[in-house]
There are 2 protein chains.
Amino acid sequence: MLYNTFRTELRNVSRNVFYIVATIKDIAKTLNISVSTVSYALNGGPRTVPQHVKDKVLTTAKELGYRPNRNARSLITRRTNTIGVVPPQLGTNIAMSPFIRDSLNGIVNESESSHYDVLLFTRCDQSQTEEMLNDVLDGRVDGLIFLAPPIGSSSVNLVYDFGLPTVVTCSNGYAAPCYSSDNRHGVQIAMDHLVSLGHRKIGHLEGRPTLEDSVSRKTYFLEYVQENGLICKDDWIICGNFDPEGGYLAGKHIFESQDRPTAIFCGNDEMAFGLIRAAREYGIKIPEELSIIGFDDSSLCNFTYPLLTSVRQPIEELASFAFRSIIEMIEGHSPSSSSVFPTELIIRESTSNPTKDNYASIQ
Amino acid sequence: MLYNTFRTELRNVSRNVFYIVATIKDIAKTLNISVSTVSYALNGGPRTVPQHVKDKVLTTAKELGYRPNRNARSLITRRTNTIGVVPPQLGTNIAMSPFIRDSLNGIVNESESSHYDVLLFTRCDQSQTEEMLNDVLDGRVDGLIFLAPPIGSSSVNLVYDFGLPTVVTCSNGYAAPCYSSDNRHGVQIAMDHLVSLGHRKIGHLEGRPTLEDSVSRKTYFLEYVQENGLICKDDWIICGNFDPEGGYLAGKHIFESQDRPTAIFCGNDEMAFGLIRAAREYGIKIPEELSIIGFDDSSLCNFTYPLLTSVRQPIEELASFAFRSIIEMIEGHSPSSSSVFPTELIIRESTSNPTKDNYASIQ
DNA sequence: CTGAAAGCGCTTACAG
DNA sequence: CTGAAAGCGCTTACAG
């Protein structure tokens, strides 16, 4: 009956939205006590409330179908208990990228055991700085994780300067702490592996030129080639944009040529997958006629044919770490400083000695 | 200078949070006009504001580093421009599931071209109904998408009854509109395919028993077996929980037995992947000694060895559709009613005639 | 045409 | 110990 009294008090709170919402005021009125008492009872503090009052409040809250309004609360406390995530600008199908998926998985796993939900800023065009800033700084999140933002993105520093707790993965050079992988070491172990197998003619599929991971892997690759007197023709360095299609097209380009490398170091696994597909189309045997090595050690490496040798970087841990770090910042502790995570070579089936002369394999 | 005046007016808005925030009040004070005029100028309506005033407001807003506070706005408008997504209860690593990834991709793609961001409710324990309801009904989202909620989840109906726009994927029987795949047809084409290849002894890997997709696929499978006089021993129906590990264990169980089916219909691809791995360990050739068929047609099907025959269901489109539908509901239109999406058989390499007697293949 | 004021649903000093 | 009141930053009727 009590219930019905309030249920029928239908409020048109906004055009098209007919909620029936009880507020703490309703509870207070019902019980003839003050809203402050209701608030303290509901929150379990900081002021103490006698148990019998607390019980009444809780019962009435339930009867009225009361749900706390977090917008009102956040307006005062400046806390939303939600963490914002800004993915890199990958155009469409971003959730299909293993990098995003692994990062998201790390974040989601971490958030499950925290008190925070995850707000995905999917519409962030980082070239539209002002719009983006209004979006991420509008009070919906307590902190922000930038996943591999483009090199020199002005948004990151602006957000950081605004005062919103901010962390970054896979992109150094910002004021905010950054958690990234040891690309230098990753490239080194990949190349050491190829060289130890006897390769000297090595190509490279480059990722998105706007991303630091891509640039540094390419840079370290070129350094390695030079320092070790290897052969890498300009034609053997192709931008595949970190996606399978790019790897596929790069592969076609390389396989059309008479002069091919015996091994290709790919800036990530996805391009390697595309490359494998192209190789199959051209009847090029892997690893006999071409060794391929990827980067990320994404789970798909265990399923491709042949299984893909890859440099493992702990994307998921990076993201988990970023999440824990942003929470620390929010809770007022000093954040974990920038750090570099180790990479590791996972040898599978796509690399071997260059058993055939690649010239001979052209039909 | 003006800028600095306000920047130095540091406000301690909450313990540990030292933002420097300008409000519309600051703009109004600076320009000696009313907050209403500022508000209308900033929002471009509904009241008209002379262009020169508008310009001054915008300039001052910029100078003061003003950012609109969406919590305050939402408190009044009851709009947050964010859509909530509740994933199924899959325990840990939910983002690694192809189903979640594809769903998320559909949602994210759709949201990019909308005015809505995506709030991921990662902490939703659907058995803790009250906590979960407080979480999703706290005013942070304008609508909610339940991705494949467990059968009979009370939360879904409670949210719907509360009045929050709600849609569901892959789980019928709720008051909210549901968009799901045609499991009956999917099972039928999978089984027709196997039977046409000559299989009569067919097993089934069952998914999560709490999910409708799992239950209905199993049900339709059993119906088909019965109606067509096929052979399926109880031992050939194993629950693999929709995950690769489950498929792997199920495979081991089946391969240990003397009496094996010649084909296995898997409730999803992930279990099929695990099954393939188990088969490899037992030296069982696919498809020669065992045909395997999956469900989902996830992208991995194109990479496994052998490539996996699978029933395609449009997970991504389902999620996109759900997103567009929830927007319609929010904007006051009547939502798209529940609908069933078509399934399609994608034949690859993992199915063939049962060329060997499977008894003989046991060592 | 524009300003003063009420109010969204809360939290939390401030009085009694 | 508890209530009345101020205020978070906005939007939007209501007056002039």
Side-chain angles (χ1 to χ4, degrees), chain A residues 6 9 11-15 17-29 31-54 56-57 61 64-81 134 137-140, chain B residues 6 9 11-15 17-29 31-54 56-57 61 64-81 134 137-140:
Chain A
F6 279 92
E9 201 184 285
R11 302 174 202 178
N12 178 2
V13 288
S14 167
R15 133 200 82 158
V17 185
F18 289 85
Y19 279 14
I20 303 157
V21 271
T23 69
I24 57 168
K25 224 163 144 184
D26 296 323
I27 300 174
K29 216 188 302 173
L31 294 175
N32 245 315
I33 58 177
S34 73
V35 291
S36 35
T37 303
V38 173
S39 174
Y40 292 123
L42 249 23
N43 294 330
R47 187 199 275 180
T48 60
V49 176
Q51 191 60 48
H52 71 279
V53 177
K54 210 180 272 184
K56 280 199 300 182
V57 169
L64 300 182
Y66 169 77
R67 301 283 167 200
N69 181 317
R70 176 124 45 170
N71 291 319
R73 188 175 222 269
S74 295
L75 191 54
I76 301 170
T77 61
R78 309 276 153 169
R79 286 290 163 79
T80 59
N81 287 298
N134 275 346
L137 297 178
D138 67 4
R140 275 133 101 211
Chain B
F6 278 91
E9 202 185 285
R11 303 175 202 177
N12 178 3
V13 289
S14 166
R15 135 201 79 157
V17 185
F18 289 85
Y19 279 15
I20 302 158
V21 270
T23 70
I24 56 168
K25 224 164 144 184
D26 295 323
I27 300 175
K29 216 188 303 174
L31 294 174
N32 246 316
I33 56 178
S34 74
V35 292
S36 35
T37 303
V38 174
S39 174
Y40 292 123
L42 250 22
N43 292 331
R47 185 200 276 182
T48 60
V49 176
Q51 191 58 48
H52 71 280
V53 176
K54 211 180 271 183
K56 280 199 301 182
V57 169
L64 300 182
Y66 170 77
R67 302 285 166 200
N69 182 317
R70 177 121 49 168
N71 290 320
R73 188 174 221 269
S74 295
L75 190 54
I76 301 170
T77 61
R78 308 277 154 170
R79 286 290 162 79
T80 59
N81 286 297
N134 276 344
L137 298 177
D138 66 3
R140 274 132 101 211

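Below, chain A is the first sequence line, B the second, and so on; all start at residue 1.
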Phosphate OP1/OP2 of dC8(D) contacted by Thr77(A) side-chain N/O (<4.0 Å)
no
Without decimals, in angstroms, what is the distance between Leu64(A) CG and dC10(C) P?
12 Å
Counting the atoms with a prime plus P, OP1 and OP2 as sugar-phosphate, which does Ser36(A) contact under 4.0 Å by heavy atoms, base, sugar-phosphate, or nothing?
base
Which atoms form the tightest heavy-atom contact between Arg78(B) and Asn69(A), and what is the distance?
NH1-ND2, 4.2 Å
Does Arg70(B) place a side-chain N or O at less than 4.0 Å from the phosphate oxygens OP1/OP2 of dG9(D)?
no
What is the separation between atom NE2 on His52(B) and atom P on dC1(C), rounded to the nearest whole Å?
12 Å
Whole-Å distance between dG9(C) P and Ile24(A) CD1?
10 Å
Students often get this wrong, so: under 4.0 angstrom with heavy atoms, is Asn71(B) touching a base, only sugar-phosphate, or nothing?
nothing
Which of dC8(D), dC10(C), dA5(D) is nearest the side chain of Arg78(A)? It is dC8(D)
Go ahead and name the base partner of dA13(D); Watson-Crick or wobble counts if both distances stay under 3.5 Å, otherwise write none.
none
Does Arg47(A) have a side-chain nitrogen or oxygen under 4.0 Å from the phosphate oxygens OP1 or OP2 of dG3(D)?
no
Hey, is the side chain of Asn69(A) poking within less than 4.0 Å of OP1 or OP2 on dC8(C), counting only N and O atoms?
no
Return the value, rounded to whole Å, for the distance between atom CG of Leu137(A) and atom C1' of dG9(D).
16 Å
Does dG3(D) have OP1 or OP2 sitting under 4.0 Å from an N or O in the side chain of Ser34(A)?
yes
Using side chain to side chain contact (heavy atoms under 4.5 Å, CB included), reason through Leu31(A) and Val38(A) one step at a time and then give a plain yes or no.
CA-CA 9 Å; Leu31(A) 294 175; Val38(A) 173; 5.6 Å; no
Ignoring backbone atoms, establish whether Ser39(B) has a side-chain N or O less than 4.0 Å from OP1 or OP2 of dT12(D).
no
Base partner of dA4(C), which must satisfy Watson-Crick or wobble distances under 3.5 Å:
none
Verdict with reasoning, Thr48(B) to Lys54(B), per side chain to side chain contact (heavy atoms under 4.5 Å, CB included):
CA-CA 9 Å; Thr48(B) 60; Lys54(B) 211 180 271 183; over 6 Å; no
In terms of heavy-atom contacts, Tyr66(A) and Ala22(A) come closest through CD1-O, 3.2 Å
For Arg73(B) and dG9(C), give me the distance from atom CZ to atom P, rounded to whole Å.
17 Å
I would like to know whether Ser36(B) and Arg47(B) meet side chain to side chain contact (heavy atoms under 4.5 Å, CB included); could you show each step before the answer?
CA-CA 9 Å; Ser36(B) 35; Arg47(B) 185 200 276 182; 4.3 Å; yes
Donor-acceptor check, side chain of Arg70(B) to backbone of Thr80(B), threshold 3.5 angstrom: yes or no?
yes
Would you say dA13(D) has OP1 or OP2 under 4.0 Å from some side-chain N or O of Tyr40(B)?
no
Residue closer to the 5' end of DNA chain D, Thr37(B) versus Lys25(B) (nearest nucleotide)
Lys25(B)
Upstream residue (5' side of DNA chain D) when Thr48(A) and Tyr66(B) are each assigned their closest nucleotide
Thr48(A)
Could you check how far CD1 of Ile76(B) sits from P of dC10(C), rounded to whole Å?
15 Å
Asn43(B) atom CG is separated from dG9(D) atom P, nearest whole Å, by 17 Å
Expressed in angstrom and rounded to an integer, what is the separation of Asn32(A) atom CG from dG3(D) atom P?
9 Å
